[in-house]
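All ligand and atom numbering here is 1-based and tracks the order in the structure.
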Amino acid sequence: MCGIVGYIGSRPVLPVLLDGLARLEYRGYDSAGIAFILRGQIRICKKKGRLAQLEQALAAADLAGEPIRVGIGHTRWATHGAPSDENSHPHLSANGRIAVVHNGIIENYIDLKRYLCAQGCCFHSETDTEVVAHLVDLHYERDCPGDLMAAVCLTLAELEGSYALGVLCADQPDRFIAARKDSPLVIGLGEDGHFIASDIPALLGQTRRVLIMEDREVAVIERQRVQLFDALGRPVCREPLQVQWDSTAAEKGGYKHFMMKEIFEEPRAVRDTLTRHIRRGALDLPAIGWPRPVRQVCIVACGTAYHAGMVAKIVIEQLCRVPVVVDIASEFRYRDPILDDETMVIIISQSGETLDTLAAMREARSRGGHILAVVNVVGSSIAREAAAVLFTAAGPEIAVASTKAYSTQLAALYLLAFSLAQRLNRMTAAEVGEKIDALLAVPAMIDSVLASQAEIQRFAAAHFNAHSIFFMGRGLDYALAMEASLKLKEISYIHSEAYAGGELKHGTIALIEPGTLVICPLTQPALLDKMISNIREVKARGALILGILTPSCRKAADVCDAVFMLPDVPPLLAPLVAVTPTQLFAYYMSLNKGLDVDKPRNLAKSVTVE
Ligand code: AGP
């Protein structure tokens, strides 16, 4: 998604802005730009392509030593208008007095553009954002001369959609304005100036004291002062957060890629997520707000988070005997969902900013659902709007492909399932304690899987030229297969499908031909004989089978061409451990193909558009 930075202070502005943009690169982008005030004029430098192109253009302008004290910057992930220099941000008003950077979508920009053209404005880009620059300038000129804050507020009142904005005015070199609605924006409080950024890691090179902006808030950022106002223009006082993330936590820590670092963090991340919500062997969860009765559970998420929800469905239904519906957020929003105040709605999101998921949560809330969010990023929109939050402790997940976040989502969801089962008297406290002990043994099991990564690396080396790979499983293994298939697709660009073992014969088996690789998680003894039959079916068509087995399913090794043995994890908890070899497989397949593992093509870390 787009990334925003801004700075006003006594440090050299351009290096501060470039450092922030570099720390936002992981969000995915196709162009970048910077605007700053120099001798009463706004100067802009913006380029399609990577940050390096922008840095070269700035170097060519020879600005070192110039008295630049305020600026804003942007990395763009195209939504309206193809990647190009003209469509890059910042965008200027016609007279060059106002510059704007924006993350989000102005849904009514066409009407606004029509109105502005009628006012004589000329547009230079295809973007929605450019209307903001012209509108602010129009209000600044016509309705509130000299009052930048007022001009911005008048503009915001006309916008529909989502925005995180940085606004610069050539007449006002002592401040800039920040505003947000639905798209994240944080303020950094420094010793020699103040900052804004789309997320916390972008600030870690400058400060650890941050203010999370709330929806519809506006901030006036000055060298020695930050003023925060709510939607009604009332001053807001909020204690800054002291960010604990070590800056190396957002670096690669010696691994070749963030993704590998984050896979190897899974034992710590799962352990931290569990221990955060367990005290003396018993559950210690925040107030969940379960409805009475819990007539149904509705899980809503996207992508990997949705796959975590598929695991949770099976676990909750098995332990709690409550019906669970799992929905893709972008579908949920528009299917007139059936829920009421006896429905527990579980929203799962690593970033807490996925717009489809955020909107689905609002839809569920409007229908009376009790909202619980399972989120990784503190201060994110979903975390702040949900009635209750169960935070995962994955730490910053930088690689676009989600790995440790998935594992920690599962850990949190197991605890939630135990909590509901105990609440419904489906499990005694002692039984929950036993399950907790089994969960606490999982990090060590993941460690042992990681110690065998070379087996996966060798297998990937023999298969990275495959053009299509199938994952097949039943029950929890099918839910896991869905996530394993997504991981492979999104970073290796190899076509892959995940199928329920019993379903292949209803059509897709037609795609199996000699040499087709079929990967089977085999961790569910109760379904093993059926799976062995399904494996025989595809083997009869020439498929090559990689089995990922627990010891209790060891007999399936006889029908596999290659086997990866897992530790003896209980079947109910198996996805927590079995996912790791599938993530390693995807990683090595991508690495062998020489692809950008951390920033795969077309993808963004946080999808804050519909
Ligand atoms: C995960 O590998 C993908 N990058 C993507 O599916 C992601 O899980 C999805 O966009 C949801 O993101 P969220 O968890 O931040 O809401």
Side-chain angles (χ1 to χ4, degrees), residues 1 26-28 77 182-184 198-201 257-260 262-263 266 269 273 299-312 326-333 346-362 373-386 389-392 394-413 479-480 482-493 496 498 579-580 582-587 589-590 595-610:
M1 268 3 314
Y26 75 87
R27 296 162 66 92
W77 192 70
D182 294 338
S183 292
S198 293
D199 66 14
I200 289 172
H257 296 99
F258 280 117
M259 183 177 174
M260 193 54 136
E262 288 153 10
I263 291 172
E266 285 174 359
T273 301
I299 299 175
V300 184
C302 299
T304 288
Y306 167 73
H307 297 148
M310 288 180 69
V311 170
V326 191
D327 232 328
I328 292 170
S330 55
E331 290 294 304
F332 174 85
R333 297 175 65 184
I346 300 175
I347 301 291
I348 308 172
S349 176
Q350 185 282 130
S351 64
E353 299 297 350
T354 300
L355 190 58
D356 283 327
T357 309
L358 178 63
M361 177 178 72
R362 291 170 177 164
V374 177
V375 176
N376 189 44
V377 179
V378 174
S380 60
S381 301
I382 290 174
R384 289 200 327 288
E385 285 196 27
V389 186
L390 203 50
F391 282 109
T392 54
E397 186 176 69
I398 307 299
V400 167
S402 190
T403 51
K404 61 176 180 175
Y406 174 81
S407 302
T408 57
Q409 285 163 357
L410 291 189
L413 291 163
L480 174 66
M482 293 285 284
E483 174 57 13
S485 177
L486 171 65
K487 213 52 56 199
L488 179 69
K489 283 180 280 194
E490 63 179 329
I491 62 173
S492 73
Y493 314 153
S496 172
V579 70
T580 303
T582 67
Q583 294 164 339
L584 291 168
F585 176 72
Y587 173 81
M589 294 291 273
S590 179
L595 299 173
D596 189 340
V597 175
D598 284 336
K599 297 197 257 332
R601 69 186 180 198
N602 307 342
L603 293 180
K605 184 59 186 171
S606 179
V607 185
T608 55
V609 293
E610 282 205 54

K.L.:
May I have the step-by-step check of side chain to side chain contact (heavy atoms under 4.5 Å, CB included) for Asp598 and Ile398, ending in yes or no?
P.N.:
CA-CA 8 Å; Asp598 284 336; Ile398 307 299; over 6 Å; no
K.L.:
Decide whether the shortest distance between a heavy atom of Lys487 and an atom of ligand 1 is less than 4.0 Å.
P.N.:
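The answer is yes: ligand 1 sits under 4.0 Å from a heavy atom of Lys487.
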K.L.:
Within ligand 1, which atoms have a heavy atom of Ala401 less than 4.0 Å away?
P.N.:
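Here the atoms of ligand 1 in question are 2 (O).
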K.L.:
At a 4.0 Å cut-off, with the gap strictly under it, does some heavy atom of Ser606 reach an atom of ligand 1?
P.N.:
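No; Ser606 lies far enough from ligand 1 that no heavy-atom distance drops under 4.0 Å.
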K.L.:
Taking only heavy atoms of Ala305 into account, list the atoms of ligand 1 that are under 4.0 Å away from them.
P.N.:
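Result: 8 (O), 14 (O).
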K.L.:
Counting each atom of ligand 1 from 1 as listed, which ones have a heavy atom of Ser402 under 4.0 Å away?
P.N.:
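Matching atoms, with element in brackets: 1 (C), 2 (O).
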K.L.:
Hey, is Lys404 close enough to Glu397 for a salt bridge, meaning N to O under 4.0 Å?
P.N.:
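Not counted as a salt bridge, because no side-chain N and carboxylate O are separated by less than 4.0 Å.
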K.L.:
Tell me: protein heavy atom nearest atom 6 (O) of ligand 1, and distance?
P.N.:
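Of every protein heavy atom, Gly303 CA, 3.2 Å lies nearest to atom 6 (O) of ligand 1.
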K.L.:
Looking only at protein heavy atoms, identify the closest one to atom 8 (O) of ligand 1 and say how far it is in Å.
P.N.:
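Nearest neighbour among protein heavy atoms for atom 8 (O) of ligand 1, to 0.1 Å: Thr304 N, 3.1 Å.
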K.L.:
When you measure from the side chain of Ser590 to the backbone N and O of Ala586, does any donor-acceptor pair fall under 3.5 Å?
P.N.:
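No: the side chain of Ser590 does not pair with the backbone of Ala586.
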K.L.:
For residues Ser485 and Ser496, report the shortest heavy-atom separation together with the two atoms involved.
P.N.:
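The pair with the smallest heavy-atom distance is OG-OG, 2.8 Å.
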K.L.:
Thr304 and Gln350: side chain to side chain contact (heavy atoms under 4.5 Å, CB included), yes or no, with the steps?
P.N.:
CA-CA 9 Å; Thr304 288; Gln350 185 282 130; over 6 Å; no
K.L.:
Just need the protein heavy atom nearest to atom 12 (O) of ligand 1, so name the residue and atom and give the distance.
P.N.:
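Ranking protein heavy atoms by distance from atom 12 (O) of ligand 1, first comes Thr354 OG1, 3.4 Å.
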K.L.:
Polar contacts were defined as any N/O atom of the residue lying under 3.5 Å from an N/O atom of the ligand; does this apply to Lys605 and ligand 1?
P.N.:
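It does not: no N or O of Lys605 is found under 3.5 Å from an N or O of ligand 1.
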K.L.:
Closer than 4.0 Å to some heavy atom of Gln350 - which atoms of ligand 1 meet that?
P.N.:
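It comes down to these atoms of ligand 1: 13 (P), 14 (O), 15 (O), 16 (O).
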K.L.:
Measure from the side-chain N and O atoms of Ser351 to the backbone N and O of Glu353, and report whether any donor-acceptor pair falls under 3.5 Å.
P.N.:
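Checked: pair present.
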K.L.:
Show your working on side chain to side chain contact (heavy atoms under 4.5 Å, CB included) between Asp356 and Val607 and close with a plain yes or no.
P.N.:
CA-CA 8 Å; Asp356 283 327; Val607 185; 5.6 Å; no
K.L.:
Taking only heavy atoms of Ser351 into account, list the atoms of ligand 1 that are under 4.0 Å away from them.
P.N.:
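Reading through ligand 1 atom by atom, the close ones are 13 (P), 15 (O), 16 (O).
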K.L.:
Specify the protein heavy atom at minimum distance from atom 9 (C) of ligand 1: its residue, its atom name, and the distance to 0.1 Å.
P.N.:
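Going by distance alone, atom 9 (C) of ligand 1 is nearest to Cys302 O, 3.8 Å.
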K.L.:
Nearest protein heavy atom to atom 10 (O) of ligand 1, by residue and atom, and its distance?
P.N.:
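Answer, as residue, atom name and distance: Val607 CG2, 4.1 Å.
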K.L.:
Quick one: closest heavy-atom pair of Tyr306 and Ala301, and the distance?
P.N.:
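Smallest heavy-atom distance, with atoms named: N-CB, 3.5 Å.
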K.L.:
Any atom of ligand 1 sitting under 4.0 Å from a heavy atom of Val400?
P.N.:
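Contact present.
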K.L.:
Before you tell me yes or no, could you show the steps for Glu385 and Leu358 under side chain to side chain contact (heavy atoms under 4.5 Å, CB included), namely the whole-Å CA-CA distance, both residues' side-chain angles and the distance that decides it to 0.1 Å?
P.N.:
CA-CA 9 Å; Glu385 285 196 27; Leu358 178 63; 4.0 Å; yes
K.L.:
Residue-level breakdown please: for Glu490 versus ligand 1, do any non-hydrogen atoms fall below 4.0 Å on the side chain, on the backbone, on both, or on neither?
P.N.:
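The answer is the side chain.
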K.L.:
Suppose we screen for side-chain hydrogen bond (donor to acceptor under 3.5 Å, both in side chains). Which residues come up paired with Glu490, at least two apart in sequence or across chains?
P.N.:
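Applying side-chain hydrogen bond (donor to acceptor under 3.5 Å, both in side chains) to Glu490 gives Lys487.
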